[in-house]
Amino acid sequence: MTVAFTSGKARRAGIALGAVSVGLLVLSACDKPTPLATVTVGTTSVNAEAACRDDGKVLSEEKLTTCLSSVKTSKTIKYSPGSTMRLGVDPDVVEHGDKWVAVLDGNPITEPSNKTYRSFPNADVFATGGQGAAPKSKKINIIQVNEDNKPKSVWSFTLKRDDS
């Protein structure tokens, strides 16, 4: 009669190997997270993954229009007139020659930039220039563009006027 002296060791090794295999399988099933964009007003920040992204490919005109008009997916941050607003993107966004542009209610407010951060001190994004009452909210988008200024990703945020 033979007794396996390594049965305990073999069993533990088999269990460990199985656990590692399952762990690798689980990790391989996860999608790589998309880069984040951040809006900061004063000391409050919100960040979000891209609302629209086609794995590094250029977005169609139809997809871009849908992304820019969709308010449902945007994160909201309160904004007091005269506050400093800061916009930032992950370094991944500006790699390989890409840039980003900020768009407020459909109008670009920056030139395409390869920097990861922009600051707007004392900006009054709700100013109407005497053209009626200021809106209660505005939509701000950050758009990643390639070297030909074609859109690749869109992040959406809502600035909500804080009159307190």
Side-chain angles (χ1 to χ4, degrees), residues 16-17 19-127 134-162:
L17 183 60
V20 169
S21 298
V22 168
L24 290 174
L25 181 62
V26 168
L27 286 175
S28 68
C30 295
D31 290 333
K32 180 181 175 190
T34 63
L36 297 176
T38 303
V39 175
T40 303
V41 176
T43 59
T44 305
S45 293
V46 293
N47 59 41
E49 289 189 359
C52 296
R53 186 174 175 90
D54 193 10
D55 205 24
K57 298 176 192 145
V58 172
L59 297 174
S60 68
E61 190 70 32
E62 180 181 333
K63 180 82 170 175
L64 178 64
T65 302
T66 301
C67 291
L68 292 175
S69 63
S70 175
V71 181
K72 296 175 187 171
T73 59
S74 65
K75 299 247 182 139
T76 301
I77 187 168
K78 289 184 178 181
Y79 183 88
S80 298
S83 295
T84 296
M85 179 175 65
R86 296 171 187 86
L87 305 177
V89 296
D90 278 352
D92 293 350
V93 173
V94 294
E95 285 182 347
H96 313 294
D98 288 349
K99 296 180 179 185
W100 63 277
V101 62
V103 176
L104 183 65
D105 276 352
N107 298 311
I109 59 172
T110 65
E111 293 293 321
S113 174
N114 62 356
K115 308 288 184 209
T116 59
Y117 172 83
R118 294 284 308 259
S119 181
F120 303 88
N122 301 315
D124 191 358
V125 299
F126 291 101
K136 296 196 181 297
S137 66
K138 288 212 172 192
K139 177 118 177 196
I140 189 159
N141 296 103
I142 296 174
I143 304 172
Q144 178 185 17
V145 295
N146 66 10
E147 58 276 350
D148 298 324
N149 288 328
K150 303 286 186 192
K152 292 173 66 176
S153 301
V154 177
W155 291 264
S156 297
F157 299 91
T158 300
L159 298 173
K160 184 176 179 185
R161 192 176 71 205
D162 185 10

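Small disclaimer: the values here were computed from a predicted structure and weren't measured.
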**Asked** Taking only residues at least two apart or on different chains, which pairs with a member in residues 55-64 satisfy side chain to side chain donor-acceptor pair (under 3.5 Å)?
**Response**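 For residues 55-64, and leaving out neighbouring residues, there are no side chain to side chain donor-acceptor pair (under 3.5 Å) pairs at all.
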Atom pair [atom1]/[atom2] of [X] and [Y] - distance to nearest 0.5 Å:
X: Asn114; Y: His96; atom1: CG; atom2: NE2; result: 13.5 Å
X: Asp92; Y: Thr116; atom1: CG; atom2: OG1; result: 11.0 Å
X: Asp105; Y: Asn141; atom1: CG; atom2: CG; result: 9.0 Å
X: Asp124; Y: Ser80; atom1: CG; atom2: OG; result: 10.0 Å

**Prompt:** Can you check side chain to side chain contact (heavy atoms under 4.5 Å, CB included) on Leu87 and Ile140, steps first, answer last?
**Reply:** CA-CA 10 Å; Leu87 305 177; Ile140 189 159; 4.0 Å; yes
**Item:** All salt bridge (charged side-chain N to carboxylate O under 4.0 Å, His left out) counterparts of Lys152, not counting sequence neighbours
**Value:**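 Lys152 satisfies salt bridge (charged side-chain N to carboxylate O under 4.0 Å, His left out) with Asp98 once adjacent residues are dropped.
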**Message:** Going by the rule salt bridge (charged side-chain N to carboxylate O under 4.0 Å, His left out), which residues pair with Arg86 if we only count those two or more places apart in sequence or in a different chain?
**Reply:**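 Here no residue qualifies.
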Grab the two heavy atoms, one from [X] and one from [Y], that are nearest each other, plus how far apart they are.
X: Cys67; Y: Ser156; answer: O-OG, 3.8 Å
X: Thr110; Y: Phe120; answer: CG2-CZ, 3.4 Å
X: Ile142; Y: Ala37; answer: CD1-CB, 3.9 Å
X: Thr158; Y: Ser74; answer: OG1-OG, 2.7 Å
X: Ala134; Y: Arg161; answer: O-NH1, 2.7 Å
X: Leu59; Y: Ser153; answer: CD1-N, 4.0 Å

**Message:** Given 3.5 Å as the limit, does a donor-acceptor pair link the side chain of Asn146 with the main chain of Asp148, or not?
**Reply:**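 Looks like yes, one N/O pair under 3.5 Å.
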**Request:** Return yes if some donor-acceptor pair links the side-chain N/O of Ser83 with the main-chain N/O of Tyr79 below 3.5 Å, else return no.
**Result:**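 Looks like no, no N/O pair under 3.5 Å.
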**Item:** Test log, rule side chain to side chain contact (heavy atoms under 4.5 Å, CB included), inputs Arg53 and Gln144
**Value:** CA-CA 9 Å; Arg53 186 174 175 90; Gln144 178 185 17; 3.3 Å; yes
**Request:** Evaluate the side chain to side chain contact (heavy atoms under 4.5 Å, CB included) criterion for residues Leu104 and Lys139: first the C-alpha distance (whole Å), next the side-chain angles of each, then the deciding distance (0.1 Å), finally the verdict.
**Result:** CA-CA 6 Å; Leu104 183 65; Lys139 177 118 177 196; over 6 Å; no
**Message:** Run Ile143 and Leu68 through side chain to side chain contact (heavy atoms under 4.5 Å, CB included) and show every step you take.
**Reply:** CA-CA 9 Å; Ile143 304 172; Leu68 292 175; 3.9 Å; yes
Mind checking whether [X] and [Y] have side chains closer than 4.5 Å, heavy atoms only?
X: Lys75; Y: Ile77; value: no
X: Val103; Y: Val154; value: no
X: Thr84; Y: Ser119; value: yes

**Request:** Tell me, yes or no, whether the heavy-atom count around Glu95 atom CD, taken from other residues, nucleotides or ligands under 6.0 Å, exceeds 12.
**Result:**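 Count over threshold, so yes.
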**With Pro135 via side chain to side chain contact (heavy atoms under 4.5 Å, CB included) - residues at least two apart** =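 Once residues adjacent in sequence are excluded, the partners of Pro135 under the side chain to side chain contact (heavy atoms under 4.5 Å, CB included) criterion are Phe126, Thr128, Lys138.
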**Listed partners of Asn149 passing side chain to side chain contact (heavy atoms under 4.5 Å, CB included), at least two apart** =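 Testing Asn149 for side chain to side chain contact (heavy atoms under 4.5 Å, CB included), a comparison that skips the adjacent residues, returns Pro112, Val145.
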Exercise answer: donor-acceptor pairs, residues 39-47 side-chain atoms, under 3.5 Å, sequence neighbours excluded:
from: Thr40; atom 1: OG1; to: Ser45; atom 2: OG; distance (Å): 2.7

